[in-house]
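The structure appears right after this line, and notes come after that.
The sequence lines fix the lettering, A, B, ..., with proteins before strands; numbering per chain opens at 1. No hydrogens, no waters, no symmetry mates; every other heavy atom, side chains included, goes into these values.
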Protein chains: 2
Amino acid sequence: MTRVLVVDDDPQLLRALKINLAARGYTVLTAPDGTRALHVAAHDQPDVIVLDLGLPDLDGADVITGLRGWSTTPIIVLSARTDSGDKVEALDAGADDYVTKPFGMDELLARLRAAVRRATTHSGAGEAVVHAGSLDIDLAAKQVTRDGVVVHLTPTEWGILELLARHQGKLVTQRQLLAEVWGPHYRNETNYLRVYLAQLRRKLEPDASHPRHLVTEPGMGYRFTP
Amino acid sequence: MTRVLVVDDDPQLLRALKINLAARGYTVLTAPDGTRALHVAAHDQPDVIVLDLGLPDLDGADVITGLRGWSTTPIIVLSARTDSGDKVEALDAGADDYVTKPFGMDELLARLRAAVRRATTHSGAGEAVVHAGSLDIDLAAKQVTRDGVVVHLTPTEWGILELLARHQGKLVTQRQLLAEVWGPHYRNETNYLRVYLAQLRRKLEPDASHPRHLVTEPGMGYRFTP
DNA sequence: TCGCGGCGCTAAGAATGCGTCAAGATCGGT
DNA sequence: ACCGATCTTGACGCATTCTTAGCGCCGCGA
(Lines give C-alpha, C1' and ligand atoms only; values in the text may rest on other atoms or scores of the structure.)
Protein backbone atom coordinates (compact mmCIF):
# COMPACT_ATOMS: atom_id res chain seq x y z
CA MET A 1 0.00 0.00 0.00
CA THR A 2 1.32 3.42 -0.95
CA ARG A 3 1.80 5.70 2.02
CA VAL A 4 1.30 9.45 1.58
CA LEU A 5 2.36 12.09 4.07
CA VAL A 6 0.22 15.22 3.78
CA VAL A 7 1.59 18.34 5.45
CA ASP A 8 -0.79 21.27 5.82
CA ASP A 9 -1.84 23.62 8.60
CA ASP A 10 -5.36 24.01 7.26
CA PRO A 11 -7.49 21.29 8.92
CA GLN A 12 -10.16 21.62 6.24
CA LEU A 13 -7.85 20.92 3.36
CA LEU A 14 -6.10 18.23 5.34
CA ARG A 15 -9.37 16.47 5.88
CA ALA A 16 -10.42 16.79 2.25
CA LEU A 17 -7.16 15.35 1.03
CA LYS A 18 -7.26 12.58 3.58
CA ILE A 19 -10.71 11.47 2.47
CA ASN A 20 -9.88 11.63 -1.22
CA LEU A 21 -6.60 9.80 -0.88
CA ALA A 22 -8.01 7.16 1.44
CA ALA A 23 -10.82 6.54 -1.04
CA ARG A 24 -8.19 5.78 -3.70
CA GLY A 25 -6.56 3.22 -1.44
CA TYR A 26 -3.67 5.28 -0.16
CA THR A 27 -2.57 5.12 3.46
CA VAL A 28 -2.54 8.70 4.68
CA LEU A 29 -0.25 10.20 7.31
CA THR A 30 -0.62 13.85 8.27
CA ALA A 31 1.41 16.61 9.90
CA PRO A 32 0.29 20.17 10.70
CA ASP A 33 3.70 21.86 10.63
CA GLY A 34 7.24 21.50 9.38
CA THR A 35 8.80 20.15 12.55
CA ARG A 36 6.33 17.34 12.88
CA ALA A 37 6.52 16.69 9.15
CA LEU A 38 10.24 16.02 9.47
CA HIS A 39 9.62 13.75 12.42
CA VAL A 40 6.91 11.75 10.71
CA ALA A 41 8.92 11.47 7.52
CA ALA A 42 11.91 10.12 9.43
CA HIS A 43 9.81 7.83 11.55
CA ASP A 44 7.32 6.36 9.09
CA GLN A 45 9.15 6.70 5.78
CA PRO A 46 6.23 7.55 3.51
CA ASP A 47 6.39 6.81 -0.22
CA VAL A 48 5.49 10.35 -1.23
CA ILE A 49 5.02 13.69 0.52
CA VAL A 50 2.46 16.39 -0.26
CA LEU A 51 3.76 19.58 1.28
CA ASP A 52 1.87 22.81 1.67
CA LEU A 53 4.03 25.92 1.75
CA GLY A 54 3.37 28.65 4.29
CA LEU A 55 3.60 26.47 7.34
CA PRO A 56 3.49 28.18 10.73
CA ASP A 57 6.91 27.16 12.02
CA LEU A 58 9.45 26.57 9.27
CA ASP A 59 10.08 28.04 5.87
CA GLY A 60 8.98 25.76 3.06
CA ALA A 61 12.40 25.58 1.47
CA ASP A 62 13.92 24.58 4.81
CA VAL A 63 11.54 21.68 5.15
CA ILE A 64 12.49 20.47 1.68
CA THR A 65 16.18 20.84 2.40
CA GLY A 66 15.76 19.05 5.70
CA LEU A 67 14.16 16.12 3.94
CA ARG A 68 16.50 16.00 0.99
CA GLY A 69 19.50 15.62 3.25
CA TRP A 70 18.73 11.99 3.82
CA SER A 71 15.72 11.07 1.74
CA THR A 72 14.83 10.93 -1.94
CA THR A 73 11.12 10.52 -1.30
CA PRO A 74 9.15 12.46 -3.94
CA ILE A 75 7.85 15.81 -2.69
CA ILE A 76 4.86 17.52 -4.28
CA VAL A 77 4.50 21.11 -3.17
CA LEU A 78 1.13 22.78 -2.78
CA SER A 79 0.92 26.53 -2.66
CA ALA A 80 -1.51 29.38 -3.05
CA ARG A 81 1.25 31.57 -4.47
CA THR A 82 1.35 31.60 -8.24
CA ASP A 83 4.52 33.63 -8.23
CA SER A 84 7.12 31.99 -10.44
CA GLY A 85 9.91 32.81 -7.97
CA ASP A 86 8.39 30.59 -5.32
CA LYS A 87 8.11 27.73 -7.75
CA VAL A 88 11.72 28.04 -8.77
CA GLU A 89 12.86 28.19 -5.17
CA ALA A 90 10.89 25.13 -4.12
CA LEU A 91 11.89 23.07 -7.15
CA ASP A 92 15.55 23.99 -6.81
CA ALA A 93 15.47 23.15 -3.12
CA GLY A 94 14.59 19.62 -4.15
CA ALA A 95 10.84 19.43 -4.70
CA ASP A 96 9.60 17.17 -7.47
CA ASP A 97 6.47 19.01 -8.48
CA TYR A 98 4.60 22.20 -7.71
CA VAL A 99 0.84 22.57 -7.78
CA THR A 100 -0.90 25.89 -7.24
CA LYS A 101 -4.10 26.19 -5.26
CA PRO A 102 -6.88 25.95 -6.09
CA PHE A 103 -6.13 22.69 -7.80
CA GLY A 104 -8.18 19.92 -9.33
CA MET A 105 -8.18 16.76 -7.29
CA ASP A 106 -7.85 14.74 -10.49
CA GLU A 107 -4.71 16.58 -11.41
CA LEU A 108 -3.15 16.21 -7.99
CA LEU A 109 -3.87 12.51 -8.02
CA ALA A 110 -2.35 12.15 -11.47
CA ARG A 111 0.78 14.00 -10.39
CA LEU A 112 0.91 11.82 -7.31
CA ARG A 113 0.75 8.70 -9.45
CA ALA A 114 3.47 10.06 -11.71
CA ALA A 115 5.73 10.79 -8.76
CA VAL A 116 5.22 7.38 -7.18
CA ARG A 117 5.71 5.60 -10.50
CA ARG A 118 9.03 7.35 -11.05
CA ALA A 119 10.24 6.56 -7.57
CA THR A 120 9.34 2.89 -7.70
CA THR A 121 10.69 2.20 -11.17
CA HIS A 122 13.93 4.00 -10.48
CA SER A 123 14.93 2.90 -7.02
CA GLY A 124 15.39 -0.51 -5.55
CA ALA A 125 15.06 -1.27 -1.86
CA GLY A 126 16.80 1.36 0.26
CA GLU A 127 19.35 0.03 2.73
CA ALA A 128 18.14 0.57 6.26
CA VAL A 129 21.20 -0.62 8.18
CA VAL A 130 24.38 1.38 8.62
CA HIS A 131 27.51 -0.54 9.58
CA ALA A 132 30.47 1.10 11.28
CA GLY A 133 33.19 -1.00 12.79
CA SER A 134 31.55 -3.25 15.36
CA LEU A 135 28.47 -1.05 15.26
CA ASP A 136 25.24 -1.87 13.43
CA ILE A 137 22.60 0.83 13.23
CA ASP A 138 19.21 -0.37 12.04
CA LEU A 139 17.34 2.74 10.97
CA ALA A 140 14.04 0.97 10.39
CA ALA A 141 14.04 -0.98 13.65
CA LYS A 142 15.56 1.94 15.56
CA GLN A 143 18.08 -0.29 17.21
CA VAL A 144 21.83 -0.24 17.67
CA THR A 145 24.01 -3.25 18.37
CA ARG A 146 27.65 -3.19 19.38
CA ASP A 147 29.51 -6.48 18.86
CA GLY A 148 26.10 -8.05 18.48
CA VAL A 149 24.79 -6.76 21.80
CA VAL A 150 21.87 -4.37 21.80
CA VAL A 151 22.74 -0.94 23.14
CA HIS A 152 19.94 0.94 24.80
CA LEU A 153 19.54 4.55 23.69
CA THR A 154 17.22 7.23 25.02
CA PRO A 155 14.93 8.95 22.49
CA THR A 156 17.16 12.01 22.28
CA GLU A 157 20.28 9.94 21.84
CA TRP A 158 18.62 8.00 19.07
CA GLY A 159 17.44 11.18 17.39
CA ILE A 160 20.98 12.45 17.17
CA LEU A 161 22.49 9.17 16.07
CA GLU A 162 19.83 8.62 13.42
CA LEU A 163 20.38 12.02 11.89
CA LEU A 164 24.13 11.55 11.83
CA ALA A 165 23.89 8.02 10.45
CA ARG A 166 21.48 9.08 7.70
CA HIS A 167 24.06 11.65 6.61
CA GLN A 168 26.98 9.29 7.12
CA GLY A 169 30.26 10.81 6.01
CA LYS A 170 28.67 14.23 5.70
CA LEU A 171 29.02 17.05 8.13
CA VAL A 172 25.85 17.87 10.05
CA THR A 173 25.79 21.35 11.51
CA GLN A 174 24.88 21.97 15.12
CA ARG A 175 21.88 24.02 14.05
CA GLN A 176 20.63 21.16 11.92
CA LEU A 177 20.91 18.71 14.78
CA LEU A 178 19.29 21.00 17.32
CA ALA A 179 16.47 21.97 14.99
CA GLU A 180 15.72 18.38 14.03
CA VAL A 181 16.00 16.73 17.41
CA TRP A 182 14.85 19.42 19.82
CA GLY A 183 12.92 21.76 17.56
CA PRO A 184 13.61 25.00 15.72
CA HIS A 185 13.65 27.08 18.91
CA TYR A 186 16.70 25.36 20.35
CA ARG A 187 19.10 26.33 17.59
CA ASN A 188 21.59 27.97 19.94
CA GLU A 189 21.62 25.46 22.79
CA THR A 190 24.89 23.90 21.71
CA ASN A 191 25.23 22.83 25.33
CA TYR A 192 22.86 19.95 24.78
CA LEU A 193 24.90 18.59 21.95
CA ARG A 194 28.04 18.46 24.01
CA VAL A 195 26.30 16.52 26.75
CA TYR A 196 24.60 14.05 24.45
CA LEU A 197 27.50 13.46 22.14
CA ALA A 198 29.58 12.59 25.18
CA GLN A 199 26.89 10.16 26.26
CA LEU A 200 26.66 8.58 22.84
CA ARG A 201 30.39 8.16 22.65
CA ARG A 202 30.44 6.54 26.07
CA LYS A 203 27.88 4.04 24.86
CA LEU A 204 29.09 3.44 21.33
CA GLU A 205 32.76 4.24 20.91
CA PRO A 206 35.51 1.74 21.73
CA ASP A 207 37.49 4.58 23.27
CA ALA A 208 35.20 7.43 24.21
CA SER A 209 37.98 9.98 24.53
CA HIS A 210 39.28 9.22 21.03
CA PRO A 211 36.13 8.90 18.95
CA ARG A 212 36.39 7.11 15.63
CA HIS A 213 32.80 7.35 14.45
CA LEU A 214 31.23 10.35 16.15
CA VAL A 215 33.69 13.00 15.12
CA THR A 216 33.56 16.65 16.15
CA GLU A 217 34.28 19.29 13.56
CA PRO A 218 35.05 22.25 15.82
CA GLY A 219 32.96 25.29 15.13
CA MET A 220 30.86 23.53 12.53
CA GLY A 221 29.15 20.40 13.73
CA TYR A 222 29.52 16.65 13.87
CA ARG A 223 30.14 13.86 11.41
CA PHE A 224 29.45 10.14 11.50
CA THR A 225 32.26 8.23 9.82
CA PRO A 226 31.85 4.49 9.18
CA MET B 1 26.53 18.62 -20.82
CA THR B 2 22.80 18.04 -20.44
CA ARG B 3 21.00 17.33 -23.71
CA VAL B 4 17.40 18.46 -24.13
CA LEU B 5 15.07 17.36 -26.89
CA VAL B 6 12.42 19.97 -27.61
CA VAL B 7 9.41 18.79 -29.63
CA ASP B 8 7.09 21.46 -30.99
CA ASP B 9 5.46 22.29 -34.31
CA ASP B 10 5.52 26.02 -33.69
CA PRO B 11 8.82 27.33 -35.11
CA GLN B 12 8.57 30.49 -33.01
CA LEU B 13 8.31 28.70 -29.70
CA LEU B 14 10.92 26.21 -30.80
CA ARG B 15 13.33 28.99 -31.51
CA ALA B 16 12.63 30.79 -28.24
CA LEU B 17 13.19 27.63 -26.23
CA LYS B 18 16.32 26.81 -28.14
CA ILE B 19 17.85 30.19 -27.42
CA ASN B 20 16.93 30.16 -23.74
CA LEU B 21 18.15 26.64 -23.15
CA ALA B 22 21.37 27.13 -25.06
CA ALA B 23 22.05 30.26 -23.04
CA ARG B 24 21.84 28.12 -19.89
CA GLY B 25 24.40 25.71 -21.24
CA TYR B 26 22.10 22.97 -22.43
CA THR B 27 22.67 21.17 -25.68
CA VAL B 28 19.41 21.44 -27.61
CA LEU B 29 17.96 18.95 -30.07
CA THR B 30 14.68 19.68 -31.81
CA ALA B 31 11.88 17.84 -33.59
CA PRO B 32 8.81 19.33 -35.26
CA ASP B 33 6.50 16.32 -34.96
CA GLY B 34 5.94 13.08 -33.11
CA THR B 35 7.47 10.75 -35.64
CA ARG B 36 10.72 12.60 -35.83
CA ALA B 37 10.70 13.07 -32.06
CA LEU B 38 10.69 9.32 -31.60
CA HIS B 39 13.52 8.96 -34.09
CA VAL B 40 15.69 11.59 -32.49
CA ALA B 41 15.03 10.25 -29.01
CA ALA B 42 16.05 6.76 -30.07
CA HIS B 43 19.07 7.94 -32.00
CA ASP B 44 20.52 10.63 -29.74
CA GLN B 45 19.30 9.59 -26.29
CA PRO B 46 18.65 13.00 -24.77
CA ASP B 47 18.71 13.49 -21.01
CA VAL B 48 15.27 15.10 -20.91
CA ILE B 49 12.42 15.72 -23.36
CA VAL B 50 10.17 18.78 -23.57
CA LEU B 51 7.09 17.71 -25.49
CA ASP B 52 4.38 19.96 -26.84
CA LEU B 53 0.98 18.35 -27.18
CA GLY B 54 -1.12 18.93 -30.28
CA LEU B 55 1.45 17.77 -32.78
CA PRO B 56 0.36 17.49 -36.41
CA ASP B 57 0.94 13.79 -36.88
CA LEU B 58 0.56 11.82 -33.67
CA ASP B 59 -1.55 12.16 -30.56
CA GLY B 60 0.41 13.39 -27.55
CA ALA B 61 -0.37 10.38 -25.41
CA ASP B 62 0.83 8.09 -28.19
CA VAL B 63 4.18 9.83 -28.34
CA ILE B 64 4.59 9.39 -24.60
CA THR B 65 3.61 5.75 -24.75
CA GLY B 66 5.96 5.25 -27.66
CA LEU B 67 8.84 6.65 -25.67
CA ARG B 68 8.00 4.92 -22.42
CA GLY B 69 8.11 1.55 -24.10
CA TRP B 70 11.89 1.57 -24.06
CA SER B 71 13.04 4.72 -22.27
CA THR B 72 12.74 6.26 -18.80
CA THR B 73 13.99 9.66 -19.94
CA PRO B 74 12.07 12.41 -18.11
CA ILE B 75 9.29 13.95 -20.21
CA ILE B 76 7.92 17.42 -19.54
CA VAL B 77 4.71 18.10 -21.39
CA LEU B 78 3.79 21.54 -22.69
CA SER B 79 0.19 22.26 -23.57
CA ALA B 80 -2.22 25.10 -24.16
CA ARG B 81 -5.07 23.01 -22.79
CA THR B 82 -5.76 23.73 -19.15
CA ASP B 83 -8.31 20.97 -19.02
CA SER B 84 -7.58 18.68 -16.12
CA GLY B 85 -8.49 15.62 -18.21
CA ASP B 86 -5.60 16.23 -20.56
CA LYS B 87 -3.17 16.53 -17.71
CA VAL B 88 -4.33 13.30 -16.15
CA GLU B 89 -4.09 11.50 -19.48
CA ALA B 90 -0.59 12.73 -20.20
CA LEU B 91 0.72 12.07 -16.71
CA ASP B 92 -0.80 8.60 -16.59
CA ALA B 93 0.63 7.83 -20.00
CA GLY B 94 4.06 8.31 -18.45
CA ALA B 95 4.88 12.02 -18.52
CA ASP B 96 6.83 13.41 -15.60
CA ASP B 97 5.46 16.91 -15.54
CA TYR B 98 2.85 19.05 -17.21
CA VAL B 99 3.18 22.78 -17.86
CA THR B 100 0.36 24.85 -19.33
CA LYS B 101 0.95 27.62 -21.84
CA PRO B 102 1.57 30.42 -21.44
CA PHE B 103 4.33 29.53 -19.04
CA GLY B 104 7.15 31.41 -17.34
CA MET B 105 10.55 30.55 -18.70
CA ASP B 106 11.93 30.54 -15.14
CA GLU B 107 9.40 27.97 -14.10
CA LEU B 108 10.04 25.73 -17.07
CA LEU B 109 13.76 25.86 -16.43
CA ALA B 110 13.24 25.04 -12.75
CA ARG B 111 11.05 22.06 -13.63
CA LEU B 112 13.66 20.98 -16.13
CA ARG B 113 16.36 21.11 -13.48
CA ALA B 114 14.14 19.16 -11.10
CA ALA B 115 13.52 16.46 -13.71
CA VAL B 116 17.19 16.13 -14.60
CA ARG B 117 18.24 16.10 -10.95
CA ARG B 118 15.81 13.26 -10.20
CA ALA B 119 17.04 11.23 -13.11
CA THR B 120 20.70 11.63 -12.25
CA THR B 121 20.46 11.23 -8.47
CA HIS B 122 18.35 8.11 -8.83
CA SER B 123 20.64 6.34 -11.24
CA GLY B 124 24.16 7.72 -10.96
CA ALA B 125 25.88 8.98 -7.85
CA GLY B 126 25.02 12.66 -7.48
CA GLU B 127 28.28 13.96 -6.08
CA ALA B 128 29.17 17.56 -5.45
CA VAL B 129 32.94 17.23 -5.53
CA VAL B 130 35.39 19.67 -7.02
CA HIS B 131 38.66 18.12 -8.15
CA ALA B 132 41.88 20.09 -8.46
CA GLY B 133 45.14 18.27 -8.91
CA SER B 134 45.54 15.98 -5.92
CA LEU B 135 42.82 17.93 -4.12
CA ASP B 136 39.23 16.76 -3.71
CA ILE B 137 36.74 19.19 -2.24
CA ASP B 138 33.46 17.62 -1.21
CA LEU B 139 31.02 20.49 -0.90
CA ALA B 140 28.19 18.41 0.54
CA ALA B 141 30.26 16.64 3.19
CA LYS B 142 32.30 19.78 3.85
CA GLN B 143 35.53 17.82 3.63
CA VAL B 144 38.79 18.24 1.77
CA THR B 145 41.25 15.47 0.98
CA ARG B 146 44.75 15.85 -0.38
CA ASP B 147 46.23 12.73 -1.96
CA GLY B 148 43.42 10.84 -0.26
CA VAL B 149 44.20 12.12 3.25
CA VAL B 150 41.66 14.27 5.01
CA VAL B 151 42.84 17.82 5.62
CA HIS B 152 41.36 19.50 8.66
CA LEU B 153 40.05 23.00 8.06
CA THR B 154 38.73 25.52 10.57
CA PRO B 155 35.27 27.02 9.92
CA THR B 156 36.73 30.22 8.51
CA GLU B 157 39.15 28.37 6.27
CA TRP B 158 36.34 26.22 4.97
CA GLY B 159 34.13 29.24 4.39
CA ILE B 160 36.74 30.81 2.15
CA LEU B 161 37.57 27.63 0.28
CA GLU B 162 33.93 26.77 -0.29
CA LEU B 163 33.18 30.16 -1.74
CA LEU B 164 36.18 29.99 -4.06
CA ALA B 165 35.49 26.41 -5.09
CA ARG B 166 31.83 27.13 -5.84
CA HIS B 167 33.00 29.85 -8.22
CA GLN B 168 35.89 27.83 -9.56
CA GLY B 169 37.80 29.59 -12.31
CA LYS B 170 36.04 32.86 -11.61
CA LEU B 171 37.43 35.80 -9.74
CA VAL B 172 36.00 36.42 -6.28
CA THR B 173 36.55 39.92 -4.95
CA GLN B 174 37.92 40.56 -1.50
CA ARG B 175 34.72 42.34 -0.51
CA GLN B 176 32.69 39.34 -1.57
CA LEU B 177 34.81 36.99 0.49
CA LEU B 178 34.85 39.20 3.56
CA ALA B 179 31.12 39.85 3.41
CA GLU B 180 30.22 36.17 2.97
CA VAL B 181 32.59 34.66 5.49
CA TRP B 182 32.92 37.31 8.19
CA GLY B 183 29.82 39.42 7.59
CA PRO B 184 29.01 42.66 5.80
CA HIS B 185 30.77 44.81 8.42
CA TYR B 186 34.20 43.40 7.71
CA ARG B 187 34.44 44.50 4.09
CA ASN B 188 37.67 46.42 4.57
CA GLU B 189 39.59 43.99 6.75
CA THR B 190 41.68 42.68 3.88
CA ASN B 191 44.19 41.73 6.53
CA TYR B 192 42.18 38.65 7.44
CA LEU B 193 42.27 37.38 3.89
CA ARG B 194 46.02 37.52 3.73
CA VAL B 195 46.35 35.53 6.92
CA TYR B 196 43.84 32.89 5.96
CA LEU B 197 44.85 32.50 2.35
CA ALA B 198 48.39 31.87 3.56
CA GLN B 199 47.05 29.24 5.95
CA LEU B 200 44.98 27.58 3.26
CA ARG B 201 47.91 27.46 0.87
CA ARG B 202 50.09 25.93 3.57
CA LYS B 203 47.51 23.21 4.05
CA LEU B 204 46.47 22.61 0.47
CA GLU B 205 49.11 23.69 -2.01
CA PRO B 206 51.99 21.45 -3.05
CA ASP B 207 54.27 24.47 -2.91
CA ALA B 208 52.76 27.15 -0.71
CA SER B 209 54.94 29.93 -2.03
CA HIS B 210 53.99 29.19 -5.64
CA PRO B 211 50.26 28.60 -5.45
CA ARG B 212 48.65 26.72 -8.33
CA HIS B 213 45.05 26.63 -7.16
CA LEU B 214 44.56 29.55 -4.79
CA VAL B 215 45.69 32.38 -7.01
CA THR B 216 45.90 36.03 -6.00
CA GLU B 217 44.66 38.64 -8.43
CA PRO B 218 46.44 41.74 -7.08
CA GLY B 219 44.12 44.57 -6.26
CA MET B 220 41.04 42.52 -7.09
CA GLY B 221 40.63 39.32 -5.18
CA TYR B 222 41.29 35.62 -5.42
CA ARG B 223 40.57 32.83 -7.86
CA PHE B 224 40.39 29.07 -7.49
CA THR B 225 41.80 27.31 -10.55
CA PRO B 226 41.42 23.53 -10.87
C1' DT C 1 66.25 55.62 -7.98
C1' DC C 2 63.02 56.28 -4.52
C1' DG C 3 58.55 56.05 -2.27
C1' DC C 4 54.26 53.76 -1.78
C1' DG C 5 50.60 50.51 -1.62
C1' DG C 6 49.37 45.81 -1.61
C1' DC C 7 50.70 41.29 -0.35
C1' DG C 8 53.02 37.23 2.18
C1' DC C 9 54.47 35.72 6.49
C1' DT C 10 55.02 35.11 11.51
C1' DA C 11 53.82 35.19 16.22
C1' DA C 12 51.46 36.27 20.49
C1' DG C 13 47.42 37.57 23.25
C1' DA C 14 42.37 37.28 23.31
C1' DA C 15 38.25 34.87 22.56
C1' DT C 16 35.68 31.09 21.60
C1' DG C 17 34.18 26.34 21.56
C1' DC C 18 34.50 21.74 23.37
C1' DG C 19 34.63 17.83 26.82
C1' DT C 20 33.55 16.74 31.31
C1' DC C 21 31.23 16.39 35.67
C1' DA C 22 27.55 16.88 38.73
C1' DA C 23 23.45 18.55 40.57
C1' DG C 24 18.59 19.91 40.01
C1' DA C 25 14.17 19.44 37.29
C1' DT C 26 10.92 16.70 34.74
C1' DC C 27 8.70 12.86 33.04
C1' DG C 28 6.46 8.36 33.14
C1' DG C 29 5.10 4.15 35.09
C1' DT C 30 3.66 1.52 39.24
C1' DA D 1 2.73 9.59 45.75
C1' DC D 2 6.95 7.37 44.90
C1' DC D 3 10.97 6.04 42.23
C1' DG D 4 14.00 5.41 38.33
C1' DA D 5 15.12 7.15 33.95
C1' DT D 6 15.76 11.02 31.24
C1' DC D 7 16.41 15.71 30.30
C1' DT D 8 18.06 20.41 31.52
C1' DT D 9 21.33 23.58 33.44
C1' DG D 10 25.60 25.55 35.23
C1' DA D 11 30.57 25.67 35.98
C1' DC D 12 35.39 24.61 35.07
C1' DG D 13 39.75 23.53 32.49
C1' DC D 14 41.79 22.88 28.21
C1' DA D 15 42.68 23.16 23.39
C1' DT D 16 41.89 25.37 19.25
C1' DT D 17 40.85 29.22 16.62
C1' DC D 18 40.44 34.09 15.79
C1' DT D 19 42.19 38.62 15.97
C1' DT D 20 45.68 41.92 15.79
C1' DA D 21 50.19 43.96 15.04
C1' DG D 22 54.58 44.20 12.88
C1' DC D 23 58.09 43.37 9.37
C1' DG D 24 59.95 42.57 4.77
C1' DC D 25 59.26 41.87 -0.19
C1' DC D 26 57.73 43.05 -4.69
C1' DG D 27 55.94 45.76 -8.50
C1' DC D 28 54.56 50.17 -10.15
C1' DG D 29 54.65 54.94 -11.03
C1' DA D 30 56.87 59.34 -10.13
Side-chain angles (χ1 to χ4, degrees), chain A residues 39 142 144 150-164 171-183 185-224, chain B residues 142 144 150-162 164 171-183 185-224:
Chain A
H39 273 130
K142 295 194 185 300
V144 190
V150 175
V151 181
H152 174 76
L153 295 186
T154 73
T156 309
E157 286 164 2
W158 173 257
I160 295 171
L161 182 64
E162 180 178 20
L163 196 61
L164 289 173
L171 187 138
V172 184
T173 64
Q174 298 156 347
R175 296 176 65 97
Q176 237 175 311
L177 277 163
L178 287 164
E180 289 265 348
V181 178
W182 277 271
H185 300 293
Y186 291 74
R187 288 205 194 112
N188 300 320
E189 307 284 347
T190 59
N191 240 339
Y192 295 4
L193 289 179
R194 298 213 295 275
V195 174
Y196 275 93
L197 262 294
Q199 249 162 30
L200 275 174
R201 290 203 253 250
R202 224 173 296 133
K203 290 186 178 183
L204 303 177
E205 290 279 0
D207 179 2
S209 53
H210 299 89
R212 305 186 50 222
H213 306 304
L214 296 164
V215 185
T216 303
E217 298 282 351
M220 310 217 268
Y222 295 87
R223 184 197 307 274
F224 185 87
Chain B
K142 294 193 195 298
V144 189
V150 175
V151 181
H152 177 79
L153 296 186
T154 72
T156 310
E157 287 164 3
W158 173 259
I160 295 171
L161 182 65
E162 181 177 16
L164 289 173
L171 179 106
V172 183
T173 65
Q174 297 166 346
R175 296 174 63 98
Q176 234 175 311
L177 276 164
L178 287 164
E180 284 272 342
V181 178
W182 277 271
H185 300 292
Y186 292 73
R187 286 205 197 110
N188 300 320
E189 307 283 347
T190 59
N191 235 338
Y192 295 3
L193 289 179
R194 296 213 296 277
V195 174
Y196 275 94
L197 262 294
Q199 242 159 35
L200 274 175
R201 292 203 252 250
R202 218 175 303 132
K203 289 186 178 182
L204 303 178
E205 291 279 2
D207 179 2
S209 51
H210 298 90
R212 305 186 50 220
H213 305 304
L214 297 163
V215 186
T216 304
E217 299 283 351
M220 310 271 292
Y222 295 87
R223 183 196 309 274
F224 184 86

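- Axis angle across the helix from C:dT1-D:dA30 to C:dT30-D:dA1, with five pairs used at each end and values rounded to 10°: 40°.
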Anything under 3.5 Å between a donor and an acceptor, one on a side chain of residues 175-182 of chain B, the other on a protein residue two or more places apart or in another chain? List them.
unit_1	atom_1	unit_2	atom_2	d
B:Gln176	OE1	B:Thr173	N	3.4
B:Gln176	OE1	B:Thr173	OG1	3.4

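- Sequence neighbours left out, the pairs with a member in residues 212-222 of chain B that pass salt bridge (charged side-chain N to carboxylate O under 4.0 Å, His left out) are B:Glu217-B:Arg223.
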For nucleotides 3-8 of chain D, list the nitrogen or oxygen atoms of the protein found under 3.5 Å from its nitrogen or oxygen atoms, one pair per line.
unit_1	atom_1	unit_2	atom_2	d
D:dT6	OP1	A:His152	NE2	2.8
D:dC7	OP1	A:Thr156	N	3.2
D:dC7	OP1	A:Thr156	OG1	2.6
D:dC7	OP2	A:Thr154	OG1	2.7
D:dC7	OP2	A:Tyr196	OH	3.2
D:dC7	O5'	A:Tyr196	OH	3.1
D:dT8	OP2	A:Trp182	NE1	2.8

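- Atom-to-atom, CG of A:Leu200 to C1' of C:dC18 comes out at 16 Å; the value is rounded to the nearest Å.
- Rounding to the nearest 0.5 Å places NE2 of A:His213 at 12.5 Å from CG of A:Leu200.
- Atom P of nucleotide D:dG10 and atom CG of A:Leu193 are separated by 16 Å, given to the nearest angstrom.
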Set out, line by line, the N/O atom pairs under 3.5 Å between protein and nucleotides 3-6 of chain C.
none

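- Sequence neighbours left out, the pairs with a member in residues 193-207 of chain A that pass salt bridge (charged side-chain N to carboxylate O under 4.0 Å, His left out) are A:Glu157-A:Lys203.
- Under 4.0 angstrom from either OP1 or OP2 of C:dT20 there lies no side-chain N or O belonging to A:Arg201.
- Remark: A:Pro218 engages A:Thr216, B:His152 in a side-chain contact (heavy atoms from CB on, under 4.5 Å) (not counting sequence neighbours).
- By the salt bridge (Lys or Arg N to Asp or Glu O under 4.0 Å) test, A:Glu162 pairs with A:Lys142, A:Arg166, sequence neighbours left out.
- For the pair A:Met220 CE and C:dT16 P, the interatomic distance rounds to 19 Å; values are reported in whole Å.
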Apply the test side-chain contact (heavy atoms from CB on, under 4.5 Å) to residues B:Leu153 and B:Val144: give CA-CA distance (whole Å), side-chain angles for both, the deciding distance (0.1 Å), then the verdict. CA-CA 8 Å; B:Leu153 296 186; B:Val144 189; 3.6 Å; yes

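- In this structure, A:Thr190 OG1 and A:Leu197 CG are separated by 11.0 Å, a value rounded to the nearest 0.5 Å.
- At whole-Å resolution of the value, CH2 in B:Trp158 and P in D:dT17 are 15 Å apart.
- Within the 4.0 angstrom heavy-atom criterion, only backbone atoms of the sugar-phosphate kind lie near B:Thr216; the bases stay farther away.
- With rounding to whole Å, A:Leu197 atom CG is found 15 Å from C:dC21 atom P.
- Expressed to the nearest 0.5 Å, how far CD of B:Gln199 lies from CG of B:Leu204 amounts to 11.0 Å.
- Between A:Leu163 atom CG and A:Phe224 atom CZ the span is 12.0 Å, to the nearest 0.5 Å.
- One can place CD1 of B:Ile160 at 14 Å from P of D:dT17, the figure rounded to the nearest angstrom.
- Straight-line distance from the CD atom of A:Glu217 to the C1' atom of C:dC18: 13 Å, rounded to whole Å.
- Checked options B:Leu214, B:Leu171, B:Val215; the residue passing with B:Leu164 is B:Leu214 (criterion: side-chain contact (heavy atoms from CB on, under 4.5 Å)).
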Is there any protein nitrogen or oxygen under 3.5 Å from a nitrogen or oxygen in nucleotides 23-30 of chain C, and what are the pairs?
none

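- For the pair B:Ile160 and B:Tyr196, the minimum side-chain heavy-atom distance is below 4.5 Å.
- Note: CG (A:Asp207) to C1' (C:dG19) measures 14 Å, nearest angstrom.
- Here A:Arg202 does not reach the OP1 or OP2 of C:dG19: none of its side-chain N or O atoms lies under 4.0 Å away.
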